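All of these numbers come straight from a predicted model, not from anything done at the bench. Here is the naming used below: chain letters follow the sequence lines, and residue numbers restart at 1 for every chain. Just the heavy atoms: all of them, side chains too, but no hydrogens, waters or symmetry mates, feed the values below.
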Amino acid sequence: MTATLLIEQLLNGLQFGTMLFLMAAGLTLVFGVMGLINLAHGSLYMVGAFAAATAAAATGNFLFALVAALAAAALAGALMEMLVLRRLYRRDHLDQVLATFALILIFSEGTRWVFGSFPLYLDVPKALAGTVRIGSLSYPAYRLAIIVIGVTTAIGLWALINRTRLGVQIRAGEADREMIAALGIDIARLYTIVFALGAALAGLAGALIGPIQSVQVGMGEPVLIMAFVVVVIGGIGSIKGALAGAILVGVTDTLGRFLLPVLLGTVMEPSAATAVGSALASMSIYILMALILVWRPTGLMGS
Amino acid sequence: MTRESLLNIAVLAGFLAVAIIASLSGQPYLVTLATKAVILGLAGVGLNLALGYGGLVSFGHAAFFGIGGYAAGILASAAQNYEPLMTWPMELAGTTSMPIIWATAVIAAGLIALPIGALSLRTGGVHFIMITLAFAQMIYYFAISWPAYGGEDGLSIYVRNSLGALDTMDPLTFFLIAFALLLLVLALTFMATRARFGLALAMARQNPLRLTSMGVRPFRVRLAAFVLSAMAVALAGALYADLNRFVSPSMLSWQISGELIVLVILGGVGRPLGPVIGAAIFVLLEAWLGHLTDYWQLPLGLVLLLVVLFARGGVIGLLTGRNANA
């Protein structure tokens, strides 16, 4: 095991973390502002990936694919909010879980109906197909680009929420929805915008991951569950918490898969170490979440 | 007698009638379908204890369903392959006896639910939903990556496990076994919800502060409900593994947790027979829609959505027009 290999894994963890952040940011916004638990957030990720794959196949242009993913996911999110979810804000979490579970079935089966069961593939854009040399390590440029896009988005989101009029309204909606309605702000419209924003971020994540994994029905749910872990670790409603949680989960998961079998190999025979190590590694982020919740029941930055 | 209890009796009698008539007219497929509904109903009754009566929205009960299934699978495959279950600290052999398998499933799930519940109940609301999901995922990934019990491929049970001299491979016999267990668990939960425990649980849901002032700690009541609920779900899991003669990590997957919640809400939360009716409707919808189209989950999703949006109180609420009194 060399330092180069460790740095490569660390970067992979960071790339996974920024991806998770894009998913978790929308979830935590919707939790925080509307008090809604949305299981169908993974479907928006899938919509983004499928839109990107279709647009890329039609035009061959990756930038155009990204725009299509953002637009399709935002549109799907806005429709989802206006047709279904806005009736659920005042219901208990149980109704929200069931309704959004039903939405997963509808989106997944609908997508399978339109696109079939075979996965689609999305190529890495030509400009980013090579590798970048960092010291003695050559790292895929595309993965580095994902990290850059993720960090840029995080900064943009921070600026949007802390420096713009819409951000003030979002924060006010989180604190006291009656009050901002009384101040003449159209709450229904604000909620739709917040939801579409979260959906667009999920769509962006789906489109970005397209060239790394295959684009297929059901791709959203594993990521959704990890994004939930991120949101709970970070503290529900906190964007900063989502960022911290996403990096923590991304790095823990990636390094765990890499290091645990090696570490256990020093005390066990190799085949047992691989088995135990990979079992422990796939459980690691859930163990991390349980530990953090026992230590701080509202998450790292929750109130 | 209220309309709801009449409906309850009619539903149970209906189950029995469907299975017997289907068996007599030579349609084992229908008997199996009814058995599936009874087993899922049993799991739903278990979940309802935590979810409906206790107000604990667990999104991780697939863990206990799967633990029950694996208890059946591991014990049976060890016995069928003539391999010892373990050799250290003492040698234990597997078994194909249903009562021992049920007891193992129930006890194992109870022992695992105890720490999971104790940790999860430190939180509430959305956190509780998420942390129960996380624990279930933990067990799911463990089952996938642990090679000893089939890993991702699962375990087959070649011949259905045995109960005395009964021919458990006969669909109607197996249906009756599952049905008898459902009745037993229904009676137990009915008694539990009427007893001091059930009243304390209802108060822990409605007004924990008041319960505390009466000298009862809500945490302990909730934990007991969580553990009992897990045990009932594990019993259903053991039966489900026997029904399919197969157990795999998919029994532990979060979709199962979601489906169990669906059963409970479809029938009506906090009603004794709600989950059984929910399971019957779910299994029927699945079979009927699956017959009509390959994309049956799409209409199923639409039906569920309509139930949540417009039929609060579930199907029983629609039929009897009364709020749940639990």
Supply the atom-to-atom distance [X] [atom1] to [Y] [atom2], rounded to the nearest 0.5 angstrom.
X: A:E109; Y: B:D294; atom1: CD; atom2: CG; value: 8.5 Å
X: A:L224; Y: B:L133; atom1: CG; atom2: CG; value: 8.5 Å
X: B:H127; Y: A:I236; atom1: NE2; atom2: CD1; value: 4.0 Å
X: B:S145; Y: A:R257; atom1: OG; atom2: CZ; value: 8.5 Å
X: B:Q255; Y: A:I104; atom1: CD; atom2: CD1; value: 8.0 Å
X: B:Y141; Y: A:M283; atom1: OH; atom2: CE; value: 12.0 Å

Exercise. Looking at B:L309, B:L306, B:L300, which one has more heavy-atom pairs under 4.5 Å with chain A than the rest?
Worked result: B:L309
Exercise. Of the listed residues (A:L280, A:V84, A:L94), which shares the most heavy-atom pairs with chain B below a 4.5 Å separation?
Worked result: A:L94
Exercise. Would you say the side-chain atoms of A:R91 pair up with the backbone N or O of B:V308, donor to acceptor, closer than 3.5 Å?
Worked result: yes
Taking the side chain as every heavy atom from C-beta outward, state whether [X] and [Y] have any pair of such atoms under 4.5 Å apart.
X: A:L293; Y: B:L119; value: no
X: A:L98; Y: B:L305; value: no
X: B:I131; Y: A:M289; value: yes
X: B:E259; Y: A:F101; value: yes
X: A:L39; Y: B:F59; value: yes
X: A:I37; Y: B:M130; value: yes
X: B:V126; Y: A:H93; value: yes

For this session: Identify the heavy atoms of A:A279 and B:F142 that sit nearest to each other, and give their distance.
Result: CB-CD1, 4.3 Å
For this session: Taking all heavy atoms of B:M138 and all of A:I287, pick out the closest pair and write down the distance.
Result: CE-N, 3.7 Å
For this session: Pick one of side chain, backbone, both or neither for A:F107, based on which atoms fall under 4.5 Å of a heavy atom in chain B.
Result: neither
